[in-house]
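Read the structure below first, then the notes.
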2 protein chains.
Amino acid sequence: MDALDTLPDEEFLRLDRQICFSLHAAARAFNGVYREALKDLGLTYPQYLVMLVLWEHGELPVKGIGERLRLDSGTLSPLLKRLEAAGYVERRRSAEDERSVTARVTAEGAALRERALGVPRRIAAATGLDLADIADLRERLGILSERLDGADPAALRPSCG
Amino acid sequence: MDALDTLPDEEFLRLDRQICFSLHAAARAFNGVYREALKDLGLTYPQYLVMLVLWEHGELPVKGIGERLRLDSGTLSPLLKRLEAAGYVERRRSAEDERSVTARVTAEGAALRERALGVPRRIAAATGLDLADIADLRERLGILSERLDGADPAALRPSCG
DNA sequence: CGCCATTTAGTTGTGCACAACTGAATAGTG
DNA sequence: CACTATTCAGTTGTGCACAACTAAATGGCG
């Protein structure tokens, strides 16, 4: 018997206002500090995420980026075009598989990495958390994402709760 | 001497890829389960957030909603128009202060609340967390948001970290 | 080989977030 | 009272997220 089951719906709705607001607000707050920290690099937060995986791998197909960031082509295609227009990334159709497009970091993109090295530290400082707290939060959020992504859609419908 | 200070930049960039991805992904995962849970109500996740505060207060000026959800008129104005078009909300200029617009829950909006009562419980079940974990996460995220929202912009720029 | 299902990017349309701005109403000051 | 600064909602423009779709290339099967 879980404590969840004993709580009245009314109470629960109030609680939901708090938890779902907290997460929503935290995500936007993070977005805000990254926006500020990345302003000089000319990157948005999602663009920075893409550059992070590209810096790590040198080049990746769009599909590979999407798998790592859980983003689809509807988000990535225009984002990569903007990164290409900024000169940080090159896109070209794969020779082996004409369906695939590979994104590759340009020299300018590689140079950008040097300027980005200080970003994480400044963000971490802004959170006021130490390394252990950050690792713990990352762990919790990772588990949460997995559970939510794997949630049974049917269990979320009205008839089932 | 914080452990943050001893970590090399390179290591930190890799860590950042993990933490900022985790939060971004968690926020989108939450969005996803709410999207599913709210589908039958015809509400998006941000619309649900607005309805939650309106259900709590009956009516609020746009400014009041914005303060509670940390959203500005650029986001709220069109969102409220959509809620009005859906019949859940009524908007009217305040008589005392012609600058202000008050959003009020309609009868249909109040009826919607009954259908929304089961939502939080289903979301909570999908997280796999118990009440204590949820409260703890909410607490941490709340503190985090406050710190990030209050962060000194200058401390996020390149010269300062 | 010929046909069809699958894979892969890309496009379109909707909604949210936010910056920058507008315009109207109000508050404050000399 | 006149003038200015502030407040408040709304609009515009950019970018992201995602659903639904298109188009082209590939793989597999009869």
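Across all strands shown, A:Thr75 has heavy atoms under 4.0 Å from base atoms, whether or not it also approaches the sugar-phosphate. The residue A:Lys39 sits apart from the nucleic acid: no heavy atom pair falls under 4.0 Å. Residue-level contact check: A:Leu79 touches the backbone only, with heavy atoms under 4.0 Å from sugar-phosphate atoms and none from bases.
Rounded to a whole Å, the CG atom of B:Leu60 is 11 Å from the P atom of D:dA9. Atom pair A:Asp72:CG and D:dT22:C1' shows a separation of 15 Å (rounding to whole Å applied). Residue A:Leu43 contributes atom CG, which lies 15 Å from atom C1' of D:dT14 at whole-angstrom precision. Nucleotide C:dT14 holds its C1' atom 14 Å from the CG atom of B:Asn31, rounded to whole Å. What separates CG of B:Leu148 from P of C:dA17 is a distance of 17 Å, to the nearest Å. Atom-to-atom, CG of B:Leu83 to P of D:dG10 comes out at 13 Å; the value is rounded to the nearest Å. Between the CZ atom of B:Arg35 and the P atom of C:dT14 there is a distance of 16 Å, rounded to whole Å. Spacing between atom CZ of A:Arg28 and atom C1' of D:dA17 amounts to 15 Å, rounded to whole angstrom units.
The aromatic rings of A:Trp55 and A:Tyr48 stand perpendicular to each other, their planes meeting at an angle above 60°, with 30° marking the opposite boundary.
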Test log, rule salt bridge (Lys or Arg N to Asp or Glu O under 4.0 Å), inputs B:Arg104 and B:Glu90
CA-CA 5 Å; B:Arg104 207 164 61 82; B:Glu90 236 173 41; 3.0 Å; yes

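Comparing B:Arg70 and B:Ala95, the nucleotide of DNA chain C nearest to each residue sits closer to the 5' end for B:Arg70. The residue among A:Glu96 and A:Pro46 whose nearest nucleotide of DNA chain D lies closer to the 5′ end is A:Pro46.
Annotation: the span from B:Arg28 atom CZ to A:Leu148 atom CG amounts to 12.5 Å, rounded to 0.5 Å.
Checking C:dA17, C:dT26, C:dC18 against the side-chain heavy atoms of B:Glu98 singles out C:dT26 as nearest. Distance from the side chain of B:Lys81 is smallest for D:dG10 among the nucleotides D:dG10, C:dA19, C:dA17.
Under the 4.5 Å side-chain contact rule for hydrophobic residues, A:Leu129 and B:Ile143 do not share a cluster.
Salt bridge A:Asp40/B:Arg157: present, at least one basic N to carboxylate O contact under 4.0 Å. Ion pair B:Lys63/B:Asp97 not flagged as a salt bridge, since none of the NZ, NE, NH1 or NH2 atoms sits closer than 4.0 Å to an Asp/Glu carboxylate oxygen.
Enclosure of atom CD in B:Glu146 is not indicated, since only 12 or fewer non-hydrogen atoms of other residues, nucleotides or ligands lie within 6.0 angstrom.
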How does protein contact run along nucleotides 4-9 of chain C, one letter per nucleotide 5' to 3', with B for base contact, S for sugar-phosphate only, - for none, heavy atoms under 4.0 Å?
---BSB

